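Basis for what follows: all heavy atoms, side chains included, without hydrogens, waters or symmetry-related copies. Here, residue 1 is the first one in the sequence, and each next residue gets the next number. Just so we're clear, the structure is a prediction, and the values are computed from it rather than from any experiment.
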Amino acid sequence: MMMAALKLGSLPSAALGGVTVTKKCERLCGGVKVVGDGGGDNGFPSFLPKEVEKIKDPFARNLARRIKRLPVQIGCSESSIMSSCVQPLVQSDANPVVLLHCFDSSCLEWSSAYPLLEDSGLQAWALDVLGWGFSDLGRLPPCNVASKRYHLYKLWKSYIKRPVVLVGPSLGAAVAIDFAVNYPEAVEKLVLINPSVYAEGTGNLAKLPKVVAYAGVSLLKTFPLRLCANLLTFDGIPLAKSLEWTNVGRLHCHMPWWKDVTVNFMVSGGYNVVSQIKQVKQKTLIICGENDKIVSNQLAMRLLFELPKASMQRVPDSGHLPHVEKPRRVVKLIADFARIDNC
């Protein structure tokens, strides 16, 4: 059962990169409360799980210190979802780059690449998709596809307010396609990394009794399963590094509502964007790790021919998440693509 879930997109990881750290806990930004970076022990935001202290990777720790929560109002109610993200320090005239993540992951997936994007002069946002990451979901909002899409739109409309280069790895590519088709005014270009876009939702997982679904989700959280997924995801990395990336990749699973919102997404049916692919109007770059064991390169080629305005670049000696394994190469591809037609 959980292997079917894994095919929705690989489990997350984190890696290396340097960032500048600010130290603030709670402040007002334009009259809006921002709960953020550096309020807890060792500079970590107080809303992160205590297990963040066990992470040894100094660069994943640095990016974790920069995570903050911004209020995103959903619907007509005055209440907001305090939504986790990493905001850019760099300001640029070019349209921002917005980084999504893969299935059941968080913005920490970009620990290695994010500082390199900043070094390249790009204005980059790393967002947690609703239902994953470190947002405050204590009220258990719906976390189906429509809710994820609308939440992303409201965050974009409230804070970013400019067309973006939207980057989606693995299942995040399906999130990106769904968003670009429904809100084309918000997306200038797409970057899809080892895209998992041909799965027809969560399949039979959507029909599971709740008790079975919760049991399966509990298994999905376990360290051995996450470690096995990492070994499959990456192209021959050392065991010690895989162990550390597993700890980072499952950090968000310690949030108290993680099981509930994960089951909610599972039984909702998940992403099925096959019919939307040919509706994508934006220029699209497909980035593929040559040794991907999760998504067949043949599916990437199929996507290349089905998207109206697509090109492809391959990353050698890389598996399913090249932005983690080969961040410099991937960042250069993203930066060059983002600047095309903008020079």
For Arg61, is there an ion pair with Asp57 - N to carboxylate O distance below 4.0 angstrom?
no

Is the distance from the ring center of His101 to that of Trp110 below 6.0 Å?
no

Would the number of heavy atoms belonging to other residues, nucleotides or ligands and lying under 6.0 Å from CD of Gln298 be above 12?
no

Counting the benzene-type ring for Trp, do Phe265 and Trp132 have ring centres under 6.0 Å apart?
yes

Test salt bridge (Lys or Arg N to Asp or Glu O under 4.0 Å) applied to Asp104 and Arg226, step by step:
CA-CA 11 Å; Asp104 192 25; Arg226 295 261 168 175; 2.3 Å; yes

For the pair Arg66 (side chain) and Pro88 (backbone), establish whether a donor and an acceptor sit closer than 3.5 Å, ignoring hydrogens and angles.
no

Does atom NZ (Lys221) have a neighbourhood of more than 12 heavy atoms from anything else shown, all under 6.0 Å?
yes

With Leu152, which of Leu127, Val129, Asp178, Val72 fulfils side-chain contact (heavy atoms from CB on, under 4.5 Å)?
Leu127

Looking only at atom types and distance, does a side-chain atom of Asn194 sit under 3.5 Å from a main-chain N or O of Gly289, one as donor and one as acceptor?
yes

For the rings on Phe234 and Trp245, is their centre-to-centre separation under 6.0 Å?
yes

Counting only heavy atoms not in Lys154, do more than 12 sit closer than 6.0 Å to its NZ atom?
yes

Using 4.0 Å as the upper bound for N to carboxylate O, is an ion pair formed by Asp119 and Arg328?
no

We want to know whether Asp136 and Trp257 form a side-chain donor-acceptor pair, criterion being a heavy-atom distance below 3.5 angstrom.
no

Atom CD of Glu200: over 12 foreign heavy atoms under 6.0 Å
no

